[in-house]
2 protein chains.
Amino acid sequence: MTQIARESLIVQKFGGTSVGSIERIEAVAKRVMKAKTEGHQLVVVVSAMSGETNRLLGLAQQVDAVPAARELDVLLSAGEQVSMALLAMMLNKMGQPAVSLTGWQAGIETDSMFNDASITHIDPRPIQQLLAQDKVVIVAGFQGMSDEREITTLGRGGSDTTAVALAGALHANECQIFTDVDGVYTCDPRIEPEARRLDVIHFDDMTSMARNGAKVLQLQSVEHARENGVPLRVLSSFEDGDGTLVSFDSHVSAEVVGVALKSQQTQLEVALPIAELQDQLNLFGVSCWCQPTTANTTQLVTANEQLARLELVLAGKMRPLAGVATLSLVGNGVAALVEPVCAVLAKAGIQVQQHTCSTHCLSLLVSDSDQQLAVNIVHKRFVVETESLDNRPLLAVS
Amino acid sequence: MTQIARESLIVQKFGGTSVGSIERIEAVAKRVMKAKTEGHQLVVVVSAMSGETNRLLGLAQQVDAVPAARELDVLLSAGEQVSMALLAMMLNKMGQPAVSLTGWQAGIETDSMFNDASITHIDPRPIQQLLAQDKVVIVAGFQGMSDEREITTLGRGGSDTTAVALAGALHANECQIFTDVDGVYTCDPRIEPEARRLDVIHFDDMTSMARNGAKVLQLQSVEHARENGVPLRVLSSFEDGDGTLVSFDSHVSAEVVGVALKSQQTQLEVALPIAELQDQLNLFGVSCWCQPTTANTTQLVTANEQLARLELVLAGKMRPLAGVATLSLVGNGVAALVEPVCAVLAKAGIQVQQHTCSTHCLSLLVSDSDQQLAVNIVHKRFVVETESLDNRPLLAVS
């Protein structure tokens, strides 16, 4: 139903675990062969073999606790060079001509921000020439070249970014992200056992899910794919299946598409008026959920990993109140659900401390001790039971 | 006495053992710093960390017994990328600005012969620009880029070749090869305990030594340095010292500069006239020492490692006679020594089966069981005792 058209150009991305051993590389090669046999053109983006980036980082840190940024990129980029060459060898051995390209060979141009570079332009010609020769093109994820012919590496989620950017530049029909889960779920299955895989999800909903704690796709990649109009598909590296298609054509009419959870957060009280606080936070690039409590004090919620940084900015002016979590309902109809959601949680003794609402997302702040139960209740009542009532066929498919 | 002029441009090359661990890389960095502090400009060529090339080859061989040649070069070239980045980090940490360059970044252009490429041209500008900024430039040995922007690796001794070629292109004052011995000896010290290090050796003599079994320098690098007029210096990575300078200015007047030994050879009889045999050998690129025995049979001497290949070429026509070794006396005056050398060996019961002589080299074929004694006698009589008689100061220096 969401099958891709024949003779499409597909960009596939495999992460470090997917190419973590020779056996895994062989499995990836078979998957690539299968798509090639179905008549598609294939560009395959790979990360470094799992463990390799850490090994290289370990060597660098033996030299210097804060290694020279330029040289760190030279070092780390060697990691993908190994995995891409091994995958190309494997495909050639299987009889499928394949060629591996580093970032600079693949025409991936970036700015000069070492360790956290952004792709500025992709020259599609090197890859197009190889595709025209019916070759599978393997491309190193996570790396590029600056105007000054320097090797650069991209920031977090770098290989996903490479795949999405290549898909955009090559006008690919689909960008497939292979990962350790078999798709996007209505909720993280590790938290919510009744979560079910979605066949399709709209870019709007996926963006909200990613922004609010869903880890299956990096927010940056989703936004990039959306801007470039490239349908994204999340698939399992380890199992067959159609995964989840992220596109503009989702026909799902459910009020609530999914539930996302951002845990490991802290609520603080800061002895500053909200306007002044927000100025300071913007200056330091720290993003928080703020709310005035008095004229001169503000409550804010931030990720625990930001606390040390905040301490520097707000020296002496902040006081931690409690561990909290943000639970978000994502979907077209969530704006109308504020009251019923709060009511069903209150019935279970869970207090919603704050909430914010946009067209696609209703976020609720709860105590961290309530988060698990809150997710279970909300997911059951507004995702599972609504589906049953609607009697929609999706449940049978999952 | 053989010190290099101040403010020279020096190319230093460190092999895999010299950069085999973080501690060793630190020692290399200190050596580089020392030369920099003395006022020189430095270009440093490094191999992959020892063991790394074998690790990568092992991965490739798990994929395919004969991996795709292009991809093998992509894979192996990652090895130097790691060592060069770590060395650059170390220098930066020590306060010496340093930048590492891959083969393609350093302007090293090669032909397209994957796994055994030859350098066709070096664009000196990228390195010159960095030197002008007073940076130490680290360059990946063993690799380059073809006209088609493909990553290539050079053949055997590749990093030495890179260093010598860079020294030529940059008009360096000296190319220093750091290795596990502290210079060129009058004979391999593992065979001849009385061998002594030479302060200087003429390119003519060094070429003959390398061609006839001395392993301290690859023949190709010596020839390349000679063609480019680049003085070579062999130094120990592990100890201080001036090493041995290979140049055109050697003032050594000794009749015999050194003694080289090529062991692991076999003498064969082949049922073919010499002309026909040589045609066949040339066709297959096998080089041998040939001598007709009858009109239709030829005796030849070849390295044992060539035997399997010869067997293919001369199927059924060859018969091994004995294990042999070639002992070569190298120096200006060796042509006059045929008779005294044979006489002194005969006195010790050693028969010289064949000999050939050129202006710089007298080579003798002896049984492999005689090789050790033959070297000791010849070295003692024609190197050590001649020096004593001449009462030349070199002996006191060594």
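To find a chain, count down the sequence lines: A is the first, B the second, and so on, and within it residues start at 1.
- Contact of A:Leu56 with chain B is made through the side chain alone, with heavy-atom distances under 4.5 Å.
- B:Thr102 touches chain A through its side chain: at least one heavy atom from C-beta onward sits under 4.5 Å away, while N, CA, C and O do not.
- Both the backbone and the side chain of B:Ile151 come within contact range of chain A, judged by heavy atoms closer than 4.5 Å.
- Interface summary for chain A: among B:Ser100, B:Ala68, B:Pro67, the most heavy-atom pairs under 4.5 angstrom belong to B:Ser100.
- Here CD1 of B:Ile22 is found 11.0 Å from CD of A:Gln61. Values are rounded to the nearest 0.5 Å.
- The distance from the CD atom of A:Gln105 to the CE atom of B:Met145 is 8.5 Å, given to the nearest 0.5 Å.
- Annotation for A:Ala98 and B:Glu71: closest pair O-OE2, 3.9 Å, computed over non-hydrogen atoms.
- Contact count versus chain A (heavy atoms, under 4.5 Å) is highest, among B:Met89, B:Glu26, B:Met90, for B:Met89.
- The most heavy-atom pairs under 4.5 Å with chain B, out of A:Arg70, A:Glu150, A:Met84, come from A:Arg70.
- Neither the backbone nor the side chain of B:Ile138 comes within less than 4.5 Å of any heavy atom in chain A.
- Note: B:Leu75 leads B:Leu72, B:Asp73, B:Leu75 in heavy-atom pairs under 4.5 Å with chain A.
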* To do: Please report the C-alpha distance between B:Gln62 and A:Leu86 in whole Å, then the side-chain angles of each, then the deciding distance to 0.1 Å, and finally whether the side chain to side chain contact (heavy atoms under 4.5 Å, CB included) criterion is met.
  => CA-CA 9 Å; B:Gln62 281 181 61; A:Leu86 292 173; over 6 Å; no
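- Every ring pair (Phe, Tyr, Trp, His ring centres under 6.0 Å) that B:Phe14 has, sequence neighbours left out, goes to B:Phe178.
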* Begin from the C-alpha positions of B:Asn92 and A:Asp64 and carry the test side chain to side chain contact (heavy atoms under 4.5 Å, CB included) through to its verdict. => CA-CA 9 Å; B:Asn92 279 297; A:Asp64 194 346; over 6 Å; no
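- In B:Glu148, the CD atom is crowded: over 12 heavy atoms of neighbouring residues, nucleotides or ligands sit closer than 6.0 Å.
- Enclosure of atom CD in A:Glu305 is not indicated, since only 12 or fewer non-hydrogen atoms of other residues, nucleotides or ligands lie within 6.0 angstrom.
- For B:Ala29, no part lies near chain A; criterion is any non-hydrogen pair under 4.5 Å.
- If you measure heavy-atom distances from B:Val66 to chain A, you find no contacts under 4.5 Å at all.
- Between B:Gln81 and A:Ser77, the shortest heavy-atom contact is NE2-OG, 2.9 Å.
- With a 6.0 Å radius and a threshold of 12 heavy atoms from other residues, nucleotides or ligands, B:Gln220 has its CD atom at or below the threshold.
- Within 6.0 Å of CD in B:Glu109 there are more than 12 heavy atoms belonging to other residues, nucleotides or ligands.
- The local environment of CE in B:Met33 is crowded, with over 12 non-hydrogen atoms from other residues, nucleotides or ligands closer than 6.0 Å.
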